[in-house]
Amino acid sequence: ISHLLRTHENDTGNQVAVLTVRSIQGEPIEDYAVAVFEAWKLGRRGSDNGVLLVVVPDDRRMRIEVGYGLEETLTDAHASRIIRNLMTPHFRAGDYDRGIVEGVRGIVSVLEGGYHLQALPFSVGATLAILSGNKSFDDPLGKPRTATRSAQLHHFLQMLKQIHRI
């Protein structure tokens with residue numbers, strides 16, 4: 001992750017930082033993330049081009065805090081999709097390291113113009129559920145779905161294509 005973030009900062013000037021902390025003792029993650037963002041002074045003065053990824057495993061919380069200078073590029077919708085589709089499935093599987101790496105890759109990809117917000121028929125979590133043999137899951141709109149074998153295969157191939165683009 002360090003190499004990816006250093007390279008990204010050198011190429012773009014954007015600063016991306018990752019903070020993992022066991023618990024924030026019930027403090028709202030939004031307030032905590034803003035306080036850390038301001039204390040660390042992420043982003044260049046005048047550009048406000050910083051991003052902070054906060055992961056709080058014991059509280060089961062995560063947040064992507066974006067400086068004003070990058071809000072048009074890394075929108076709330078992008079941040080939500082990165083958390084939901086790239087990070088959460090790995091966290092649920094107990095692989096926090098992989099979830100953080102995928103989240104950072106997603107953030108950098110959006111900032112560099114490589115990740116495009118698009119509606120996917122199912123989330124990565126649905127793919128993992130399908131691959132683990134669980135054929136029932138919620139689609140992105142929260143509606144219960146059941147996949148047939150051909151839909152599972154089609155969805156899996158679509159997800160591989162999407163992940164490959166990131």
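Computed over heavy atoms, backbone and side chain alike; hydrogens, waters and symmetry mates excluded.
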Nearest 0.5 Å, please: how far is [atom2] in [Y] from [atom1] in [X]?
X    : Y    : atom1 : atom2 : result
D48  : L70  : CG    : CG    : 8.0 Å
I100 : L86  : CD1   : CG    : 13.5 Å
I107 : E102 : CD1   : CD    : 11.5 Å
L19  : W40  : CG    : CH2   : 4.5 Å

With a 4.5 Å heavy-atom cut-off, do Q15 and L52 have their side chains touching? no

Do V21 and Y32 make a side-chain contact, defined as non-hydrogen atoms from C-beta onward lying under 4.5 Å apart? yes

Does E9 pair with R6 as a salt bridge, N-O distance under 4.0 Å? no

With no hydrogens and no angle check, is any side-chain donor or acceptor of S80 less than 3.5 Å from a backbone partner on D76? no

Cluster link [X] to [Y], ILVMFWY, side chain under 4.5 Å:
X   : Y    : value
L42 : L111 : no
Y68 : V66  : no
V16 : V55  : yes
I1  : M87  : yes

List the residues meeting side chain to side chain contact (heavy atoms under 4.5 Å, CB included) with T12, not counting sequence neighbours, and say none if there are none. H8, N14, E112

Closest approach of [X] and [Y], non-hydrogen atoms and distance?
X   : Y   : answer
H78 : T75 : ND1-OG1, 2.9 Å
N49 : G43 : OD1-CA, 3.3 Å
Y96 : F91 : O-CE1, 3.4 Å

Residue set satisfying side-chain hydrogen bond (donor to acceptor under 3.5 Å, both in side chains) with T73, at least two apart, ordered chain then number -> none

Which pairs would a plain distance check flag for residues 57-64, meaning a side-chain donor or acceptor within less than 3.5 Å of a matching protein atom at least two apart in sequence or in another chain?
residue: D58; atom: OD1; partner: R22; partner atom: NH1; Å: 3.4
residue: D59; atom: OD1; partner: S23; partner atom: OG; Å: 3.0
residue: D59; atom: OD2; partner: S23; partner atom: OG; Å: 3.3
residue: D59; atom: OD2; partner: I24; partner atom: N; Å: 2.8
residue: R63; atom: NE; partner: E65; partner atom: OE1; Å: 2.8
residue: R63; atom: NH2; partner: E65; partner atom: OE1; Å: 3.2

Could you walk me through whether L53 and V104 pass the side chain to side chain contact (heavy atoms under 4.5 Å, CB included) check? CA-CA 8 Å; L53 171 60; V104 168; 4.0 Å; yes

Side-chain donor-acceptor contact under 3.5 Å, T88 with R84: no

Give me the one residue out of L74, L5, V108 that meets side chain to side chain contact (heavy atoms under 4.5 Å, CB included) with V51. L74

